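Here is the naming used below: chain letters follow the sequence lines, and residue numbers restart at 1 for every chain. Note that the coordinates shown come from a computational prediction; the quantities given were computed from them, not determined experimentally.
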Amino acid sequence: MSLRTHTCGELRASHIDQPATLAGWVENRRDHGGVFFIDIRDRYGVTQVVFNPGTDAHKRASEVGPEYCIHVAGMVRRRPDGTVNKERGTGEIEVVAQSLEILNASKTPPFEIVDRIDTAPELRMKYRYLDLRRRPMQRALVARAEFCRALRNHLASQQFVEVETPMLTKATPEGARDYLVPSRVHAGHFYALPQSPQIFKQILMIAGMDRYFQVARCLRDEDLRADRQPEFTQIDLEMSFVEPEDVWAQVEGSISAGFAAAFGVDLQPPFPRIAYKEAMLKYGIDKPDLRFGMQFVDLTDYSKSCNFKVFREAADSAGLVGGGIVRGVNAKGAGGWSRKEIDALSTFAQEHGGKGVAWLRVVESGLDGSIAKFFSDGEKVTIREMLAGQPGDLLLFGAGDETTVNGVMGPLRHHLGDKLGLRKFGTFKCAWIRDFPMFERNTKTGAIEPTNHPFTSPTESDLNRLTEKLQNDPLSLGGRGYDLVMNGWELGSGSIRIHRRDMQERIFEFLGLKREEYEAKFGFLLEALEYGAPPHGGFAYGVDRTIALGLGLDSLRDAVAFPKTSAAADPMTGAPSPVSDEQLRDVHIRTIE
RNA sequence: GGGCGCGUAGCUCAAUUGGUUAGAGCACCGGACUGUCGAUCCGGAGGUUACGGGUUCGAUCCCCGCCGCGCUCGCCA
C-alpha cells in the first residue's frame with residue numbers, strides 16, 4: 001500500500017472531514033508551545049499539518065527538523081476563521097495529525113530550501129539534490145519535460161521517426177574540440193563523443209527515413225560561458241524532399257506546441273522571415289531582438305555630401321572591399337540621459353571593437369550634442385527628419401567599415417533596449433533569418449570559412465555561376481542556411497544540404513581540404529551521396545537555451561538537472577577524476593607529467 | 001591559454017590608514033509561548049579569514065605563489 005493517500009498539493013475544501021496521509025519534507029515548523037504547525041512539502045505543493053498538545057504525534061513533531069522526510073496521517077479540516085492562507089492552493093484546509101512517522105532524519109542543510117537563494121553555484125551543484133528540491137528548479141525540470149513531450153507528440157503526428165545516433169563516433173579535427181574516448185580493443189585509437197548528429201541524420205535521409213528527429217545530446221570540449229555547457233541537448237531534425245519553408249513549418253509547429261505546453265505561451269507562427277542582409281541593414285546583427293523597433297537608418301548615401309568629415313569619409317569608401325557605411329538609430333526617450341550615461345555608451349562601443357559612438361540630442365531648438373557643430377542648420381533638419389527625431393530623443397551614429405559598425409551598433413541596440421526597458425520578460429518574438437552567405441571571412445585569421453557548416457547547399461540561383469563565384473567572389477555566394485532567433489538569442493540553425501558528391505567535393509576543395517583529407521574524414525558520406533541521396537535539409541536548436549528563455553532564467557545551469565562549473569567539473573560526483581592504473585592500461589593510455 | 005572579480009561562522013555579507021577580544025542577518029542549539037504560515041520573544045554556541053610563503057612590532061587588509069568559483073577574450077565549423 002502506498003505511503004500516502006494524497007499529495008501535498010492536492011487537498012482542498014472538498015476533502016474536509018476525510019482522512020488523509022501525506023509524505024514529504026519538512027518545509028517549516030512553527031512551535032507555539034501548545035499547538036505546533038509543520039508545513040509538509042512535496043513536488044506538488046505544501047500542506048499545513050496541525051499537532052495538538054497532549055497527543056503522541058505532537059511529541060514526535062517536536063523531534064523533527066528542516067528537510068526531515070516524514071509521513072503524517074490525520075483528518076482534513078477547514079481552517080478556523082481568519083487563518084486561511086490565500087497564497088497557497090491548500091490554504092483553505094489543514095490536516096490535524098493523528099500520527100507522525102519520521103521516514104528519515106536530515107542533517108541541517110548547507111543552504112535553505114527556499115525559492116529565492118543567492119548561494120554560490122558551486123555549493124548548489126555539490127548538493128544538487130537539495131537545490132533540486134527547490135520549487136523553481138522543480139518547475140524548470142517539469143517545464144523541460146513538458147516541452148519535450150509536446151514536441152515529441154507533435155513531430156510524431158507529422159510522421160517524424162525518433163532515431164538514436166551513436167555516442168561513440170568518429171573524431172573530426174575541425175570545428176569544436178572533441179571529447180575523446182580511448183578504445184580498449186583498438187590500441188591507440190579513439191572514439192569521439194558527438195558534437196552533433198549532423199552526418200548521421202543526413203545518412204538517415206539517404207536511408208529513406210524521410211523525416212527524422214531526436215532529442216540529441218551533444219558534447220564539445222571547449223571553454224564554458226554563462227550560456228554554454230560542455231554537454232547540451234538539441235532538438236535535431238531532418239527531412240527529405242523539402243524546401244526551407246517545409247522545415248520551418250515543422251520547427252514552428254513543434255516549438256509552438258512545446259511553448260504552449262511548457263510555458264502557456266502562444267508563439268503565433270508562422271514567424272517572420274528576414275533576409276540576412278535585411279537584418280544586418282535594419283538591426284546590425286543576425287539575431288535581432290524583435291520585441292522592439294528601433295531600426296537603423298542608413299545614412300551612407302546622404303553622408304557622401306555632408307559636412308561632417310567622419311561620416312563623409314566613411315561613406316566615400318562605400319561599396320569598395322571593406323568599404324564604409326554610416327548608420328543612425330533613434331533611442332526614443334533617451335534624450336534625458338546624463339552625459340555620464342551617454343559616455344558609457346561609448347565605452348560599450350569600445351568593448352565591441354569600435355572607437356566610440358557619435359550622438360545628438362533632439363531638443364526643441366533642433367539638435368544638440370557632441371557632433372552638432374559639424375553640421376549645417378539644413379543638415380540638422382534633414383538628419384532629424386530621417387531619424388524621425390522628436391524632442392527628448394537621443395540619436396546615435398556609427399560610421400566606418402561595415403563589420404565594425406555593425407559589430408558595435410547591433411549589440412548597442414540591444415543594450416539600449418535593455419536600458420529603456422524594452423526587453424522585459426514575458427513576450428517572445430521569433431524570426432527566421434534566411435539567405436545567409438555560404439562563406440564568411442574570419443576577422444582574426446583572414447581565412448574564408450563556412451558560415452554554418454560545409455554541408456550547406458549553395459543558393460540555387462547561384463549554381464550556374466558557382467565556378468565563377470568560388471573563384472572571384474566567394475563571399476557573395478548565397479547559401480541555403482537559416483537561423484531561428486528569439487528575443488535576441490540564436491536558438492539554432494539549419495540548412496538545405498548538399499546531396500550530390502561532386503558539389504560536396506567542390507566545397508571541400510574550395511575550403512582548402514585535400515582529397516586525402518576529406519576522403520579520410522567524410523569518405524563514407526561522399527560515397528553515400530552516390531547511392532541516390534535525396535535532396536534534404538533540416539534544423540537543430542538548443543533545448544537548454546529554449547527552456548532558459550521560456551522561463552526567464554538568469555543562468556543556463558538552472559535549465560539543466562546536473563550542470564557543470566565553468567571548469568567543466570561536477571562538484572557533486574567529483575568528475576572528472578583520476579582513474580586507476582589498471583583502467584589506464586586497459587585502454588593503452590599512459591599519462592604524462 | 002590571457003584578462004577582470006571573488007574566497008571571512010552552515011549560508012549571505014561587514015570589519016575605518018595595517019592596530020585591542022573578527023561582527024551582523026538568516027540558519028542551528030536551549031528556553032518561553034495554544035492559531036501560526038519568513039511566527040514571535042529571551043539566551044547560547046559557532047572562525048585554520050581558501051591554502052602556502054613573504055613584508056611588518058602587528059596582516060582579513062600589503063606583496064608573491066597556488067587552488068577553487070564567477071564573468072569574459074581566445075575558443076565554440
Between CD1 of A:I38 and C1' of B:C37 the distance, given in whole Å, is 13 Å
Using atom CD of A:Q195 as one end and atom C1' of B:C76 as the other, report the distance to the nearest whole Å. 9 Å
Under a 4.0 Å N-O cut-off, is there an ion pair linking A:E67 with A:R134? no
B:C73 OP1/OP2 closer than 4.0 Å to side-chain N/O of A:R225: yes
Need to verify one output field. Residue with the more 5' nearest nucleotide on RNA chain B, A:P66 or A:R88? A:P66
Whether A:R220 contacts B:A77 is assessed here as follows: a side-chain N or O lying under 4.0 Å from the phosphate OP1 or OP2. Is that the case? yes
Protein N or O to nucleotides 43-45 of chain B N or O, pairs below 3.5 Å:
none

Using atom types as modelled, flag every donor-acceptor pair under 3.5 Å from a side chain in residues 562-574 of chain A to any protein atom, sequence neighbours excluded.
unit_1, atom_1, unit_2, atom_2, d
A:K564, NZ, A:E231, OE2, 2.8
A:T565, OG1, A:A567, N, 3.3
A:T565, OG1, A:A569, N, 3.3
A:D570, OD1, A:M572, N, 2.9
A:D570, OD2, A:T573, OG1, 3.1
A:T573, OG1, A:A575, N, 3.2

How many whole angstroms separate atom CG of A:L224 from atom P of B:G70? 8 Å
Nucleotide opposite B:G70 in a Watson-Crick or G-U pair, distances under 3.5 Å: B:C4
Per A:E222 side chain, nearest of listed nucleotides B:C29, B:C33, B:C76: B:C76
Rounded to whole Å, please give me the gap between CD in A:E87 and P in B:U36. 15 Å
Salt-bridge criterion met for A:E92 and A:R79 (N-O under 4.0 Å): no
Mind checking A:D31 for me? I need base, sugar-phosphate or nothing, with any heavy atom below 4.0 Å counting as a touch. base
Which residues satisfy the salt bridge (Lys or Arg N to Asp or Glu O under 4.0 Å) test with A:D554, sequence neighbours excluded? none
Between B:C71, B:G35, B:G1, spot the one nearest the side chain of A:D223, thanks. B:G1
Parallel, tilted or perpendicular, as decided by the 30° and 60° cut-offs, for the rings of A:F348 and A:H415: parallel
With the threshold set at 4.0 Å, does a side-chain nitrogen-carboxylate oxygen contact exist between A:D131 and A:R128? yes
Across every strand shown, the nucleotide meeting Watson-Crick or G-U wobble geometry with B:G65 (both distances under 3.5 Å) is B:C51
Classify the nucleic acid contact of A:R78 as base, sugar-phosphate or nothing, counting any heavy atom under 4.0 Å across all strands shown. nothing
Is there a donor and acceptor pair closer than 3.5 Å between the side chain of A:R79 and the base of B:C37? yes
Of all the heavy-atom pairs spanning A:F539 and A:K201, show the shortest one and how long it is. O-NZ, 3.4 Å
How about NZ on A:K126, more than 12 heavy atoms from neighbouring residues, nucleotides or ligands closer than 6.0 Å, or not? no
Can you figure out which of B:C71, B:A77, B:C37 approaches the side chain of A:A226 most closely? B:C71
Among B:U34, B:U12, B:A27, which nucleotide has an atom closest to any side-chain atom of A:V35? B:U34
Sugar-phosphate, base or nothing in reach of A:E27, heavy atoms under 4.0 Å: nothing
Sequence neighbours left out, what passes ring pair (Phe, Tyr, Trp, His ring centres under 6.0 Å) with A:F213? Give chain and number order. none
Donor-acceptor pair under 3.5 Å: do we get one between A:R29's side chain and the base of B:G38? no
With a 4.0 Å limit, can you tell me whether A:R557 has a side-chain N or O closer than that to the phosphate oxygens OP1/OP2 of B:G70? yes
Could you check which of B:U12, B:A77, B:G35 has an atom nearest any side-chain atom of A:H453? B:A77
If you find the nucleotide of RNA chain B closest to A:F455 and the one closest to A:D39, which residue's nucleotide is nearer the 5' end? A:D39
At 4.0 Å (heavy atoms only), tell me whether A:P454 reaches a base, stays on the sugar-phosphate, or touches nothing. base
Short of 4.0 Å, heavy atom to strand atom, which residues of residues 565-574 of chain A count as contacting RNA chain B? A:T565, A:S566, A:A567
Is a side-chain donor-acceptor pair under 3.5 Å present for A:T233 with A:R144? yes
Check if the side chain of A:R30 and the base of B:C33 share a donor-acceptor pair of N or O atoms closer than 3.5 Å. no
What is the distance, to the nearest angstrom, from the CD atom on A:Q229 to the C1' atom on B:G70? 13 Å
Mind calculating the distance between CG (A:D227) and C1' (B:U72) to the nearest angstrom? 11 Å
Identify whether the distance between the nearest side-chain nitrogen and carboxylate oxygen of A:E505 and A:R515 falls below 4.0 Å. yes
Does a donor on one side chain and an acceptor on the other come within less than 3.5 Å for A:Y212 and A:D236? yes
Please check if any side-chain donor atom of A:T459 sits under 3.5 Å from a side-chain acceptor atom of A:D462, or the reverse. no
Paired to B:U56 by Watson-Crick or G-U wobble criteria (both distances under 3.5 Å) is none
In Watson-Crick or G-U wobble terms, both distances under 3.5 Å, what is the partner of B:C26? B:G10
A:Q234 CD to B:C76 C1': how many Å, rounded? 12 Å
Has the side chain of A:E122 got a donor or acceptor atom sitting under 3.5 Å from an opposite partner on the base of B:G7? no
Is any side-chain N of the basic residue among A:R30 and A:D39 closer than 4.0 Å to the acidic one's carboxylate O? yes
Protein-nucleic acid N or O pairs under 3.5 Å, nucleotides 8-10 of chain B:
unit_1, atom_1, unit_2, atom_2, d
B:G10, O2', A:P110, O, 2.9

Kindly point out which of B:U12, B:G70, B:A27 is positioned nearest to the side chain of A:T119? B:U12
